[in-house]
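Below is one structure, written out as structure tokens, with a few remarks after it.
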2 protein chains.
Amino acid sequence: MVTIADVARHAGVAPSTVSYVLTGKRAISGETADRVRESIRSLGYRQRAAAIGVLLPLRDGVNVAVAMRFVRAVVAAARVRDRDVLVISADEGADGVLRAVESGVAGLVVMDVEMDDPRVPVLRACAVPSVLIGVPTDPCGLSCVDLDFAAAYALCVDHLADKGHTDIALLGPARAVYERRTGYAERGVAGFSAAALRRGVNFVVRTCESDGLAAKQLLTDHAEITAVVVHNEAALSAVLACVQPPIDLVAICPDEVARRTEPKVSSVHVPAEDLGRRAVELLMARIDGAPPQGVELSVPTLTVRD
Amino acid sequence: MVTIADVARHAGVAPSTVSYVLTGKRAISGETADRVRESIRSLGYRQRAAAIGVLLPLRDGVNVAVAMRFVRAVVAAARVRDRDVLVISADEGADGVLRAVESGVAGLVVMDVEMDDPRVPVLRACAVPSVLIGVPTDPCGLSCVDLDFAAAYALCVDHLADKGHTDIALLGPARAVYERRTGYAERGVAGFSAAALRRGVNFVVRTCESDGLAAKQLLTDHAEITAVVVHNEAALSAVLACVQPPIDLVAICPDEVARRTEPKVSSVHVPAEDLGRRAVELLMARIDGAPPQGVELSVPTLTVRD
DNA sequence: ATGAAAGCGCTAACAG
DNA sequence: CTGTTAGCGCTTTCAT
């Protein structure tokens with residue numbers, strides 16, 4: 001195995017110099033750096049490229065399939081930049097961050113972010129750079145990417161209001177997701193309510209477990225409902241079986257899921273691929289010394305189907 | 001951070017003794033081991049638990065969604081045993097194994113196995129234990145788990161022959177999958193052909209890209225075909241749009257995929273969850289010193305739907 | 001800007 | 001069975 005010492009000998013420099021060329025933690029003259037890089041290439045040295053860690057709490061209500069959609073995107077994006085991905089299933093809040101950091105990752109992609117996420121202060125203080133997929137209440141000093149879920153929910157409301165509906169319902173994620181104040185769920189409801197009030201539309205909000213039973217209960221309890229917004233990929237097919245025309249339906253889910261339903265459902269796209277890729281881009285920039293970029297929300301779009 | 005030296009001091013032993021208690025690489029007296037473990041607990045030492053590596057080539061024809069189904073299962077199973085998972089996207093054959101080993105994983109789960117996989121000799125020689133999801137031509141000295149794809153394809157043929165079909169077709173994975181002699185594809189075709197010959201059924205075999213166009217071409221070229229077996233998750237919906245009744249169809253795919261199609265398609269279940277979990281079980285046993293277990297094939301089952 | 005040397009946490013060879 | 005010691009590859013401090 002080619003070590004940093006081999007490279008140093010070959011380039012006629014000290015091991016520390018090679019280390020500094022690789023980490024960029026102190027200035028090395030262009031000439032020396034070039035010689036080192038040349039030796040690295042000719043000897044085929046591979047720095048045990050520290051992986052990117054994905055912090056993935058697998059708690060109640062977290063749909064692993066949905067989470068894996070992001071992981072997949074992160075893996076693909078990391079691969080382009082020659083990084084492997086360490087999937088760290090951490091349910092222990094702030095301790096999970098420490099565990100991840102101790103595992104020696106170059107940077108962290110943090111998923112399933114809560115409004116007052118206990119991991120946030122740790123991440124802020126931490127030397128290891130991170131990018132959150134999701135936005136906490138106070139994102140200062142962090143890098144966050146997410147879909148603008150408030151706007152996404154509002155888009156659904158506007159679409160239904162435009163079609164003349166005056167009594168609509170929201171079937172959200174599982175109750176556990178709200179209980180821990182998950183960012184996207186809370187911001188979504190805020191956007192939904194605000195839009196409905198703005199439009200003068202009556203609305204009901206319900207949580208929905210993956211069995212989708214809440215849909216039936218909802219229609220029983222509220223016969224006046226003529227349209228439903230559902231943000232729950234796990235329950236989508238069950239909800240579809242229950243919410244039939246003439247009741248209108250809009251889903252918040254990835255397009256490829258919406259295209260597979262029967263009938264094909266109108267939806268606001270959750271761009272998991274884009275968000276995962278963007279998170280890696282920002283993280284790599286952070287690893288290379290860039291400062292935190294703050295919050296970057298992507299604009300939702302609605303596709304009308306059947 | 002609590003180090004192994006801290007634990008050693010607290011327990012009144014040498015650092016190496018603590019190391020050996022943790023790795024089990026040499027015998028330590030029960031008394032001493034207990035004292036060490038007690039110190040580990042009271043000091044809160046966390047051994048930077050080496051991750052399990054998942055070797056995942058992302059080449060042409062590899063459906064990342066399908067691969068991620070296995071990764072998901074591996075992550076869930078590893079989590080139960082307090083291990084994180086390093087997803088290593090390695091397209092470089094044998095070099096990929098070395099890269100994975102150098103990254104310091106405790107063991108490897110190897111996916112997308114080819115008949116004469118160049119990684120196999122390396123894995124056999126390698127000190128890091130591994131479990132393959134898939135079976136190469138010569139699995140001696142390895143641990144392999146997989147669905148018995150030969151039996152799975154044969155099951156489809158028997159089902160269709162029993163229904164009276166005399167001209168059937170196989171739509172397999174993408175051509176690239178055959179070109180690199182991927183294990184499951186090659187064993188599948190073998191099982192398919194053998195079963196068809198046994199049953200005296202005429203058959204055609206075609207590769208199928210993810211666009212599913214091969215389905216249309218197949219039916220144009222072979223008007224005599226009355227039933228199709230498709231083993232291609234990416235192309236399944238496109239194939240379904242084309243292969244309509246009265247032509248019979250059986251898919252080889254996970255049940256949850258088959259249940260979502262419209263109409264719901266008869267299928268042989270690919271138990272990705274079970275295989276991923278089993279792979280981790282076997283790998284953990286290997287890490288704890290068990291010898292290679294050879295090949296473990298799971299028995300396919302067919303579910304008849306619409 | 002660079003090198004020498006000490007140190008990191010851990011494992012493995014050696015000694016008894 | 002266990003402690004001593006030398007190493008592993010790499011980073012960081014200290015010096016110049």
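Below, each value reflects all heavy atoms present in this structure, side chains not excepted, and no hydrogens, waters or symmetry copies. Computed from a predicted structure; not experimentally measured. Here is the naming used below: chain letters follow the sequence lines, and residue numbers restart at 1 for every chain.
Arg69(B) meets the side-chain hydrogen bond (donor to acceptor under 3.5 Å, both in side chains) test with Glu233(B), Glu256(B); sequence neighbours excluded. Applying the salt bridge (charged side-chain N to carboxylate O under 4.0 Å, His left out) test to Arg83(B) and every residue at least two apart in sequence or in another chain returns nothing. Under the rule for a salt bridge (charged side-chain N to carboxylate O under 4.0 Å, His left out), the partners of Asp84(A) that lie at least two apart in sequence or sit in another chain are Arg99(B). Applying the side-chain hydrogen bond (donor to acceptor under 3.5 Å, both in side chains) rule to Thr32(A) yields the partners Ser29(A); only residues at least two apart in sequence or on another chain are considered. Under the salt bridge (charged side-chain N to carboxylate O under 4.0 Å, His left out) criterion, Arg79(A) pairs with Asp91(B), sequence neighbours left out. Contacts of Asp148(A) classified as side-chain hydrogen bond (donor to acceptor under 3.5 Å, both in side chains), with partners at least two apart in sequence or in another chain: none. By the side-chain hydrogen bond (donor to acceptor under 3.5 Å, both in side chains) test, Asp117(B) pairs with Arg119(B), sequence neighbours left out.
Listed by first and then second residue, the salt bridge (charged side-chain N to carboxylate O under 4.0 Å, His left out) pairs that reach into residues 27-36 of chain A are Asp34(A)-Arg37(A), sequence neighbours excluded.
Atom OH of Tyr45(B) is separated from atom P of dG9(C) by 10 Å (rounded to the nearest Å). Atoms CD (Glu31(B)) and P (dC1(D)) sit 12 Å apart, rounded to a whole Å. Distance, Ile4(B) CD1 to dT4(D) P: 15 Å, rounded to whole Å. Whole-Å rounding puts the Asp6(B) CG to dG7(C) P distance at 16 Å.
Contact check of residues 32-40 of chain A against DNA chain D (heavy atom, cut-off under 4.0 Å) returns no residues at all.
At the heavy-atom level, Gly12(A) lies under 4.0 Å from the strands shown only through sugar-phosphate atoms. At the heavy-atom level, Val13(B) lies under 4.0 Å from the strands shown only through sugar-phosphate atoms.
If you check dC10(D), dT2(C), dT11(C) against the side chain of Thr17(A), the one that comes closest is dT2(C). Taking every side-chain heavy atom of Ala14(B) into account, dG3(D) is the closest of dT12(D), dG3(D), dG9(D). Of the candidates dT12(D), dG9(D), dT2(D), the closest approach to any side-chain atom of Ser29(B) belongs to dT2(D). Closest approach to the Thr3(B) side chain among dA1(C), dT2(C), dG9(C) is made by dG9(C) (side chain taken as heavy atoms from C-beta onward).
A salt bridge links Glu179(A) with Arg175(A); the closest basic N to acidic carboxylate O contact falls under 4.0 Å.
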Below 3.5 Å is the cut-off: list the nitrogen or oxygen pairs between protein and nucleotides 13-16 of chain C, distance only.
residue: dC14(C); atom: N4; partner: Arg26(B); partner atom: NH1; Å: 3.3

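Taking side-chain N and O atoms only, Lys25(B) has no distance below 4.0 Å to OP1 or OP2 of dT11(C).
Annotation for Pro129(A) and Leu283(A): closest pair O-CD1, 3.6 Å, computed over non-hydrogen atoms.
Each of Asp146(B), Val109(B), Val120(B) was evaluated against Leu132(B); a single residue qualifies, Val120(B), per the side-chain contact (heavy atoms from CB on, under 4.5 Å) test.
Heavy-atom distances to DNA chain C give each of Ser19(B) and Gly30(A) a nearest nucleotide, and the one nearer the 5′ end belongs to Gly30(A).
Axis angle across the helix from dA1(C)-dT16(D) to dG16(C)-dC1(D), with five pairs used at each end and values rounded to 10°: 30°.
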Donor-acceptor list for residues 16-25 of chain B side chains, cut-off 3.5 Å, not counting sequence neighbours:
residue: Thr23(B); atom: OG1; partner: Ser19(B); partner atom: O; Å: 3.1
residue: Thr23(B); atom: OG1; partner: Lys25(B); partner atom: N; Å: 3.2

